[in-house]
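Structure record follows, encoded as structure tokens.
For ligands, and for the atoms within them, numbers begin at 1 and follow the listed sequence.
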Amino acid sequence: MLLHVKDNVYYTGIRDWELRRFHGHELSTFNGSSYNSFLIRDDKTVLVDTVWNPHTEEFLHMLEHEVGFANIDLIVINHNEPDHGGSLAALMQKIPDVEIVCSKKGEEIIRKHNGNPAWKFRTVKTGDAINIGKSDLHFVDMTMIHWPDSMMTFMTGTNILFSNDAFGQHFCGQSLFVDKVDACTVWAEALKYFAGILAPFTSLIKRKIAEVVAMNLPIEMIAPSHGCIWRENPLQIVGKYAEWSDDYDEGYVTIAYDTMYHATRSMAEAIGHGIESEGVPVKLFNTATCDQSDLMTDFFRSKAIILGSSTVNNGALRSLAGVVDEIRGHKLKGKVGFSFGSYGWSGEAPKHLQQGMEEAGIKILHDPVSAKYTPSQEELRVCHDAGRDFARAMKEA
Ligand code: FEO
């Protein structure tokens with residue numbers, strides 16, 4: 001039996017309790033995830049999105065037995081990343097004459113992913129609508145949030161916004177609805193999802209939210225393509241997206257370091273104590289051992305990012321190279337920071353880190369801090385004072 005969503009809308013997605021990594025191995029998903037697909041039973045029976053191809057067999061089995069392939073009249077593909085479009089080819093083998101509704105870019109991507117098939121496409125954009133009986137489907141272009149083909153579908157009558165990736169979370173719970181699971185975890189996952197996947201697109205998201213709000217859609221439910229459905233006060237997640245898109249920070253400092261013999265770690269701790277002496281909260285991470293998705297989430301939430309590494313082979317330890325690249329790629333805005341590290345003879349790491357931070361748009365508020373071999377008490381005092389001075393400068397920045 002299909003899970004009921006609202007009125008004549010049912011759940012045809014796959015809930016992946018075991019998933020621990022997403023986007024290959026890039027993102028951690030400690031609470032699993034789901035690939036949400038929905039079935040609308042109006043005069044026309046409409047399938048909204050498919051699921052990731054490792055689950056194709058299960059998905060098709062469900063459609064065959066709970067819906068019947070012959071009953072599907074229309075397929076809406078809001079976005080064709082394989083976690084949503086991955087089962088389309090297998091489904092189209094069963095129903096090759098059914099029309100696919102997608103954006104113009106969506107058609108291009110579907111064709112490329114599937115060897116330019118002879119399927120029927122109807123391309124749509126913002127302002128277009130399709131009548132399916134008592135309800136209409138309205139489409140909202142979401143270009144580059146986060147793929148060129150992304151769009152959302154709003155269904156009149158039920159007033160459900162099928163938002164695809166937007167407003168999603170990598171979370172698998174005992175219910176489809178946020179109001180029936182541990183909401184704290186869902187909110188934490190929603191923020192992690194935003195920081196990990198959507199942060200590079202905040203300028204576009206800000207404009208898009210204003211555009212969607214101006215459309216005055218009477219949204220009663222937001223059904224994303226990952227995680228739980230927003231049913232009670234669904235616009236609260238839209239409000240959060242507006243907040244997260246607006247140079248977001250929670251005023252604390254994240255210090256991320258890698259260390260060989262604890263010298264750089266002791267510097268990190270001394271800098272942290274100096275920052276705390278000014279009443280500014282601090283979190284510390286070892287970049288070689290921490291979860292990279294959680295680290296990126298903390299960078300996103302922080303006002304300041306401080307990076308440290310011991311010098312090896314005239315540069316920073318390799319875990320920092322990935323971190324600097326990721327900060328650059330995430331285009332975090334409004335962040336401040338500085339760099340530090342221990343060394344034996346040449347000591348280039350803090351300078352390299354500072355250069356990477358500047359390239360990533362982080363405003364440097366303090367010169368790099370270095371200590372030779374094991375930091376002396378005097379050098380640790382210098383680290384403490386650097387943290388203190390940085391916190392003071394940060395408050396004025
Ligand atoms: Fe959940 Fe962009 O795919």
Cation-pi check, Arg41 onto Tyr10 ring (under 6.0 Å, within 45° of axis): yes
Considering only N, O or S atoms of Glu81, the one closest to atom 2 (Fe) of ligand 1: OE1
Considering only N, O or S atoms of Asp83, the one closest to atom 1 (Fe) of ligand 1: OD2
Residue pair Asp165 / His226, side-chain donor-acceptor N/O under 3.5 Å: yes
Closest His146 atom to atom 2 (Fe) of ligand 1 [N, O or S only]: NE2
Nearest atoms (heavy-atom pairs only) where Met152 meets Val212: CE-CG2, 4.0 Å
Short N/O/S contact of His79 with atom 1 (Fe) of ligand 1 (below 2.8 Å): no
Proximal heteroatom of Asp165 relative to atom 1 (Fe) of ligand 1 (N/O/S): OD1
Metal-centred angle, NE2 of His84 through atom 1 (Fe) of ligand 1 to NE2 of His226, rounded to 10 degrees: 90°
Any donor-acceptor N/O pair, Lys335 side chain to Phe300 backbone, under 3.5 Å: yes
Ring pair (Phe, Tyr, Trp, His ring centres under 6.0 Å) partner of Phe167, the single match among Phe162, Trp230, Trp187, Tyr241: Tyr241
